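Quick caveat, the model's predicted, so the values are computed rather than measured.
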Amino acid sequence: EDLKLRARHGISVRSVGHDSIARHTILRDLPIIIENTQADRRFANDTLVMGPPTLKFFAGAPLLMSSRRCVGSLCIMDVNCRSF
């Protein structure tokens with residue numbers, strides 16, 4: 001089953017495949033920041049990176065229960081590269 005994007009702004013995509021960049025967020029218990037997705041080989045074939053919307057920045061943090069079970073994630077995506 002695809003991963004559902006429950007709340008979104010500025011992106012028309014409602015779901016992404018299990019092999020998408022968003023999956024990396026729910027598989028970890030630490031945040032992930034990718035300042036330039038197109039320069040990262042792990043995401044070269046991702047549909048969100050290849051476009052549309054041609055994402056270039058991705059940051060995500062898993063939403064964990066006290067039992068450490070992941071129930072979702074909070075992600076920020078942009079079509080421009082970002083750095084911190």
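Residue pairs meeting the ring-ring contact (aromatic ring centres under 6.0 Å, His included) criterion with at least one partner in residues 26-47, sequence neighbours excluded, are His24-Phe43. For residues 30-47, every residue pair satisfying the side-chain hydrogen bond (donor to acceptor under 3.5 Å, both in side chains) rule, not counting sequence neighbours, is listed here: Asp40-Arg42.
Arg23 is linked by a side-chain hydrogen bond (donor to acceptor under 3.5 Å, both in side chains) to His18, counting only residues two or more places apart in sequence or in another chain. Residues passing the side chain to side chain contact (heavy atoms under 4.5 Å, CB included) test with Leu64, sequence neighbours excluded: Asp29, Pro62, Arg68, Cys70.
We find the CG-OG1 distance between Leu63 and Thr25 to be 9.5 Å, quoted to the nearest 0.5 Å.
Residues Phe58 and Gly60 approach most closely at CE2-N, 3.8 Å, considering heavy atoms.
Residues Ile21 and Ile32 fall within the same hydrophobic cluster, defined by Ile, Leu, Val, Met, Phe, Trp and Tyr side chains chained together at heavy-atom separations under 4.5 Å. Hydrophobic clustering, with ILVMFWY side chains joined whenever heavy atoms are under 4.5 angstrom apart, keeps Met65 apart from Ile26. Leu27 and Leu30 are members of different hydrophobic clusters when ILVMFWY side chains are connected at heavy-atom separations under 4.5 Å.
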Just list the side-chain donor-acceptor pairs under 3.5 Å for residues 75-84, sequence neighbours left out, or say none.
residue, atom, partner, partner atom, Å
Asp78, OD1, Asn80, N, 3.3
Asp78, OD2, Arg82, NE, 2.7
Asp78, OD2, Arg82, NH2, 2.5

For residues 2-16, dump all side-chain donor-acceptor pairs below 3.5 Å to protein atoms at least two apart in sequence or in another chain.
residue, atom, partner, partner atom, Å
Arg8, NE, Ile11, O, 3.4
Arg8, NE, Val13, O, 3.3

